[in-house]
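Let me begin by presenting the structure, written as structure tokens, before commenting on it.
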Number of protein chains: 2
Amino acid sequence: MTAKAETEAPAREIWGLLLELSMSRMRRRFLHTITDLGLSFPQAHALKVLRPGHPIAMRELADGLHCDPSNITGIVDRLGDRGLVERGSAPGDRRVKTLMLTEEGAALRMRLLDRLSEPPPGLGKLPVDEQRQLRDLLRRALLDD
Amino acid sequence: MTAKAETEAPAREIWGLLLELSMSRMRRRFLHTITDLGLSFPQAHALKVLRPGHPIAMRELADGLHCDPSNITGIVDRLGDRGLVERGSAPGDRRVKTLMLTEEGAALRMRLLDRLSEPPPGLGKLPVDEQRQLRDLLRRALLDD
DNA sequence: CTCCGATACTTGAGGCCCTCAACGTCCTGA
DNA sequence: TCAGGACGTTGAGGGCCTCAAGTATCGGAG
């Protein structure tokens, strides 16, 4: 591949940092936030995918969550029991059921997104020009996957 | 792509990138790797924590996995059924049970770590000096949390 | 030494999620 | 028309989670 004999390209170190970050710290933070709102991981993910005013089919949600359609039934059932989403029928194809957020669902979704998008304090302490640098490097490193 | 990056500190954008990365792409990659080895998320985490030749107590493993001790029983049971770990007794305190990797466990752990530490191709395409920059920025941004 | 509050691990109930296989219903193209 | 897809659902089997309760064991106060 490339010459990494002496300097050992730092890609592995970066990857190690990101891995530890993703699978431990961010994961805990994320789980803390959603359980605070009474949501499970797939439920929170579903709430993120379901945009207010944009009903989608169960199948589309399954694709968005990268899981088997049979899981969606239960997940949507539980969200429905809490009055967060409603099942409807799609015009033109009686096989598909559409999912739409209720008022409550949209409100909870907003609270969820607000909380999730709050960056940790460490990032803010970095000088703004370095923040820009970091942002651009991240984009370039991860965009083409 | 919106041009609000001038007024709003880019910290939120960075956080957005990291969040999407952690909770979707890296997560899928991670899960694919471990299910390939027949491991669940907690099992893989446990295998990472259990270093060969360094037996630890169940309680310590529970702390390492940030979960309730009652979960550890089942997780270790299943790892034990596969011959990956062994329960022993701690000298000096008959309450605690020590956990130690078997040969097979150590081998699987090595395969796991090898696979996980392999960075995605995108990172390698970045020039090495920019890799170093990214590494350093990540460290400084995330170290003090 | 005795007793009693911690500590280590286990068990069980109640839930959520996952995979996979098997349906019933509903399209759709030859 | 009719066979093969596609959509959503159900059920079995399994793993993990939380919380509460139970069994040993430890260790310090009296």
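In what follows, chains carry the letters A, B, and so on, assigned in the order in which the sequence lines appear, proteins first and then strands, with residues in each chain numbered from 1.
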Flag the pair A:R140 and B:E130 as a salt bridge only when some basic side-chain nitrogen lies within less than 4.0 angstrom of an acidic carboxylate oxygen.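 Yes, charged N to carboxylate O under 4.0 Å.
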Are the charged groups of A:D63 and A:R59 less than 4.0 angstrom apart, N to O?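 Looking at A:R59 together with A:D63, the answer is yes, because their closest N to O distance falls below 4.0 Å.
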Classify the nucleic acid contact of [X] as base, sugar-phosphate or nothing, counting any heavy atom under 4.0 Å across all strands shown.
X	result
A:I75	sugar-phosphate
B:S70	base
A:N71	base
A:P42	sugar-phosphate

Please tell me which of A:S40 and B:D77 maps to the more 5' nucleotide of DNA chain C, matching each residue to the nucleotide holding its nearest heavy atom.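 Nearest-nucleotide comparison on DNA chain C picks B:D77.
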Of A:Q43 and A:G92, the one whose closest DNA chain C nucleotide lies more 5':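 Whichever sits nearer the 5' end wins; that is A:Q43.
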Taking every non-hydrogen atom, the tightest pair across B:R87 and B:K97: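 Minimum heavy-atom separation between B:R87 and B:K97: CD-CD, 3.9 Å.
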With a cut-off of 6.0 Å (strictly less than), are more than 12 heavy atoms of other residues, nucleotides or ligands near CZ of B:R82?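 It does: B:R82 CZ has more than 12 such atoms within range.
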Flag yes if more than 12 heavy atoms outside B:R111 fall under 6.0 Å of its CZ atom; otherwise flag no.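 No, the 6.0 Å shell around CZ holds no more than 12 heavy atoms from other groups.
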Can a donor-acceptor pair be found, under 3.5 Å and without considering hydrogens, that links the side chain of B:T35 to the backbone of B:G38?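 Absent.
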Pairs where residues 33-89 of chain B contributes a residue and the test ring pair (Phe, Tyr, Trp, His ring centres under 6.0 Å) is met, not counting sequence neighbours: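 Those involving residues 33-89 of chain B are B:F30-B:F41.
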Is there a side-chain contact between A:L101 and A:L47, using heavy atoms and a 4.5 Å cut-off?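 Side chain of A:L101 against side chain of A:L47, heavy atoms only: contact under 4.5 Å found.
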First and last nucleotide of DNA chain C in contact with chain A, 5' to 3', at under 4.0 Å to a heavy atom: what are they?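 For DNA chain C, the relevant span reads C:dC16 to C:dC27.
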Can you give me the first and the last nucleotide of DNA chain D (5' to 3') that has an atom within less than 4.0 angstrom of a non-hydrogen atom in chain B?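 The footprint of chain B covers D:dG15 to D:dC26.
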